[in-house]
Amino acid sequence: MHSVVISGTGLYQPPHTITNAELVESFNRYVDLQNAQHATEIAAGTREPLQHSSVEFIEKASGIKQRYVLEKSGILDPTRMYPRLQERPDDQLSLMGELAVAASQQALQQAGKTGADIDAVLCAASNMQRAYPAMAVEIQQALGAGGYGFDMNVACSSATFAIEQAVNAVRTGSAKCVLVVNPEITSGHQAWNDRDCHFIFGDVCTAVIVERADTATAADAWEVLGTRLATQFSNNIRNNFGFLNRSEDSDPNARDKTFRQEGRKVFKEVVPIAAAHIEGHLSDLGHAPSAVRRYWLHQANQGMNQLVIKKLAGDASADLAPLILDEFANTASAGSIIAFHKHRADLAAGDVGVICSFGAGYSVGSVVLRKR
């Protein structure tokens, strides 16, 4: 059994931002158009009028101040309310593949590797651009990697679930160097016309290099002390879009074909699950939560993260558990990896940290690391 390290990370940041003020202005125009269109039903009491959103509401509910997106004009068009993305021919690199390659090249450079050093590619994200061929195999070819690749989806926990698969492959010797990449084009499955969640998501891509400790040459390497995964079924976060929709003769634009959640239930139920999961994982590895130098948590909601950390360590400071969702919003599986990518340089050799993601499923995954 081999010792395993994370030796590099990468981040692709889309070119466009949407501030809360821009989002609210567009959404409120949409509300006014809808209320005017259905004025008769609203006056008759057979339809509830839509309510305006506000910057104050968004920031109080989530802590989000802006988000990055691949395309913004379609999202901000009150007659459309979703991105305008161009379809690419089959002989061109896919949009999701393009993001993945950009983030992966940065991770490879940080780890001191090339595509030829990679012998497994895991593409883990909350949504895949297509059913097949696997996005991972396309990314593998674009990078000049060998071995194998496959896609996997555990919603917002996809990155940590994939890291465990990568760690196990390296530890047992079935691979030497694995790329985990998380291309999250969340703007495509976001309900931009729903006041309760129109502000939640942003687009991004992250990448992580997992390899044998004895082959790592990067100055910044993190020993994997342990990984742990858990799932518990819940309908409180759900998206019914799928390949059987056509056969069901269902409306492809129906509300249930995009992200939806019971936000209050999710907050109430997931916080104790995540906190107990991390505490149990650390305990089995012989570490107290208070001894952890940094927590890189899933970035969905500021209040949720603060409550998880308070349960674990009694302190919810930005130094202990940095937040990136104010700038990036919820980036699904990529959020905890963005936090790790941006907020680890100040830690010293021997410091212990925890990457943890949680979300639909319910699912929760944790990776305990020690800086070499």
Open item on the list: Test side chain to side chain contact (heavy atoms under 4.5 Å, CB included) on Arg260 and Asp194; report intermediate values, then the result.
Closed with: CA-CA 9 Å; Arg260 57 199 169 98; Asp194 186 326; 5.9 Å; no
Open item on the list: Quick one about Glu211 and Ser7 (side-chain donor to acceptor, distance below 3.5 Å, no hydrogens or angles considered), yes or no?
Closed with: yes
Open item on the list: For Phe199 together with Phe57, are the ring centres under 6.0 Å from each other?
Closed with: yes
TODO: Return yes if a side-chain donor-acceptor contact under 3.5 Å exists between Glu71 and Ser187, otherwise no.
DONE: no
Task: Residue pair Tyr362 / Asn236, side-chain donor-acceptor N/O under 3.5 Å - done: yes
Open item on the list: As a quick check of understanding, evaluate side chain to side chain donor-acceptor pair (under 3.5 Å) for Tyr148 and Gln140, giving each step before the final call.
Closed with: CA-CA 8 Å; Tyr148 62 91; Gln140 175 193 21; over 6 Å; no
Task: Polar contact flag, side-chain donor to acceptor under 3.5 angstrom, Ser336-Ser357 - done: no
Open item on the list: Could you measure the distance from the CD atom of Glu279 to the OG atom of Ser283? Nearest 0.5 Å is fine.
Closed with: 7.5 Å
Task: Side-chain heavy atoms of Arg88 within contact of Gln129, under 4.5 Å - done: no
- [ ] For residues Thr19 and Lys65, determine if any side-chain heavy atom of one lies less than 4.5 Å from a side-chain heavy atom of the other.
- [x] no
Open item on the list: If only side-chain N and O atoms count, and only distance matters, is there a donor-acceptor pair under 3.5 Å linking Arg344 with Thr9?
Closed with: yes
Open item on the list: Quick check: do Asn301 and Ile200 have side-chain heavy atoms less than 4.5 Å from each other?
Closed with: no
Open item on the list: Could you report the tightest heavy-atom contact between Leu23 and Leu76, atom names first, then the distance?
Closed with: CA-CD2, 4.2 Å
Task: Ile337 side chain reached by Trp296 side chain, heavy atoms, under 4.5 Å - done: no
TODO: Consider only side-chain N and O atoms of Tyr12 and Gln106, and report whether a donor and an acceptor are under 3.5 Å apart.
DONE: no
Task: Heavy-atom closest contact (Asn305 atom, Gln299 atom, distance) - done: ND2-NE2, 3.7 Å
Task: Phe201/His189 aromatic ring centres below 6.0 Å - done: yes
Open item on the list: Looking at Arg372 and Glu223, is there a salt bridge between them, counting it only when a charged N and a carboxylate O are closer than 4.0 Å?
Closed with: no
Open item on the list: Is the shortest side-chain heavy-atom distance between Gln110 and His341 below 4.5 Å?
Closed with: yes
TODO: Could you label the plane-to-plane angle of the Phe27 and His198 rings as parallel, tilted or perpendicular, counting under 30° as parallel and over 60° as perpendicular?
DONE: parallel
Task: Note: Asp319-Arg294 ion pair, threshold 4.0 Å (strictly below) - done: yes
Open item on the list: Quick check: closest heavy atoms across Ser126 and Ser158, and the distance to 0.1 Å?
Closed with: N-OG, 4.2 Å
Open item on the list: If only side-chain N and O atoms count, and only distance matters, is there a donor-acceptor pair under 3.5 Å linking Ser94 with Glu138?
Closed with: yes
- [ ] Answer yes if the ring centres of Tyr30 and Trp192 are under 6.0 angstrom apart, and no otherwise.
- [x] no
TODO: Report yes if some heavy atom in the side chain of Asn20 is under 4.5 Å from a heavy atom in the side chain of Arg67; otherwise report no.
DONE: yes
